[in-house]
Amino acid sequence: GGPTNFGWEQYPPAVVLDDGGEPIVAWADNSGAIFVDQWDGLAWQRLGGGSVATGDWQVAVAMGATGPIVAFSPYVETRREVHVLAWDGGAFAPLDGVGGDVSSTTTSSQQPRLAVASDRTVFVAWQEGDLNGGELAVASWDGACFRLLGGPGGATITDGAARAGPPALALGAGDEPIVAWFQRVAARAYELRGRQLDGSEWAPLGGDETVADGFCDIRVGARAPALATDGAGRPVVAWTDDRTGQYEIYLLRWNGGAWVDPGGVATGGGLSNSTAASLHPWIASLAGRTCVAWDEFGRVAKQIVLRCADF
């Protein structure tokens, strides 16, 4: 189960575990209003008592120094720009104390993802372009502004390929950013890829950036994988595909040398194994406990499903 069951009113969820290991879920409704709920051990509590912000259907969430941080991409004039807000104990406010705008580019910046390092440095990744494919970028908050990472001036992760789907973002054992995404390599041909920041350059994880391949079609709304790292800094990636004729959620874990199936959740019906279409996964992992949230579309209603296991 999960915090909502509102019919067709909520969009893809985001999930993070708080410092006590309890889940926090963020999502947007069909008006673009963004909400954040926290599980207190007995019930879901809505932070701020209402909507956090408006203007987007895609929201990211991470744990900051004083509570959750959210990122979203509302329209600024004719394009989308990434904004970041932080919980101060009573309300959500712009992280930069001004407007919260991170990307400030001439093209649409959207589908943001967040990660927070052990020293509370905030990282945000996003897609430049449209939902059919674009470039990927990552920036970090240095206390005064967000600065692009990777190469002189902050080169894009995808080397100008312009066919990358929305990113997933996590941090490794040394707080180095790790990014996963679906790359369109040809007509009706996709690969799930991953890279990590190695010094000042983006390098393939384990020498090969391909996590999984052979996908002939990835639904536009399902192109963003989900990524987290465990207590040892090893990444866990979740995604959705329709290999069985039904969209299901699948999961792989990096064991230090290869991507492995931790328990029959990368084959068959995967982790979701549902009669309803399962889309838009989000993942969080802490001290061996991994939680995955996703949208599940039934015949007459849509709900957010949350499942946790000790992988």
Side-chain angles (χ1 to χ4, degrees), residues 1-54 57-72 84-93 113-116 118 120 122 170 226-231 236 238 249 251 262-263 265 270-274 276 278-298 300-311:
T4 72
N5 188 0
F6 299 152
W8 297 89
E9 296 178 353
Q10 67 272 3
Y11 283 83
V15 61
V16 68
L17 301 182
D18 65 19
D19 293 339
E22 300 293 353
I24 296 174
V25 179
W27 76 96
D29 67 15
N30 61 359
S31 72
I34 296 167
F35 300 89
V36 181
D37 278 12
Q38 183 172 23
W39 181 255
D40 66 4
L42 297 174
W44 292 99
Q45 304 297 329
R46 180 151 298 167
L47 297 183
S51 64
V52 172
T54 60
W57 58 269
Q58 180 68 70
V59 58
V61 64
M63 277 301 295
T66 59
I69 298 172
V70 295
F72 57 103
V84 177
L85 305 179
W87 178 253
D88 63 9
F92 283 92
R113 301 294 185 271
L114 284 169
V116 178
S118 55
R120 300 302 187 182
V122 178
L227 186 68
T229 51
D230 61 19
V236 184
I249 305 298
L251 185 146
V265 291
L271 179 64
S272 50
N273 196 27
S274 173
S278 302
L279 299 167
H280 313 128
W282 283 83
I283 188 169
S285 186
L286 181 68
R289 188 186 188 203
T290 299
C291 292
V292 184
W294 65 87
D295 282 333
E296 198 154 280
F297 293 76
V300 296
K302 183 179 78 169
Q303 64 179 350
I304 295 172
V305 178
L306 177 69
R307 290 184 182 172
C308 300
D310 296 327
F311 288 125

Which atom pair, heavy atoms only, marks the closest approach of W44 to P23?
CZ3-O, 3.7 Å

So which atom in A71 and which in V84 form the shortest heavy-atom distance, rounded to 0.1 Å?
CB-CG2, 4.1 Å

Determine yes or no for a side-chain-to-main-chain donor-acceptor pair under 3.5 angstrom, with R120 supplying the side chain and G64 the backbone.
yes

Looking only at non-hydrogen atoms, find the nearest pair between W294 and L271 and report the distance.
CZ3-CD2, 4.0 Å

If you measure from CG on L17 to CZ on R289, what distance do you get to the nearest 0.5 Å?
6.5 Å

Residue pair I34 / T54, side-chain heavy-atom distance below 4.5 Å
no

From CD (Q45) to CH2 (W39), nearest 0.5 Å
9.0 Å

Considering all heavy atoms of both residues, which atom of S285 and which atom of T290 are nearest to each other, and what is their separation?
OG-OG1, 3.1 Å

Counting distance only, does the side-chain N/O of S274 pair as donor-acceptor with the main-chain N or O of A276 below 3.5 Å?
yes

How far apart are the closest heavy atoms of V61 and V70, and which atoms are they?
CG2-CG1, 4.2 Å

To the nearest 0.5 Å, atom CG of L279 lies from atom CD1 of I249 at 6.5 Å

Rounded to the nearest 0.5 Å, what separates atom OG1 in T66 from atom CD1 in I69?
7.0 Å

Separation between CD1 (I24) and CD (E22), nearest 0.5 Å, reads 9.5 Å

In Å, rounded to the nearest 0.5 Å, how long is the span from OG of S51 to CZ of F92?
11.0 Å

Can you see which heavy atom on A14 is nearest to which on A60, and at what distance?
CB-CA, 4.1 Å

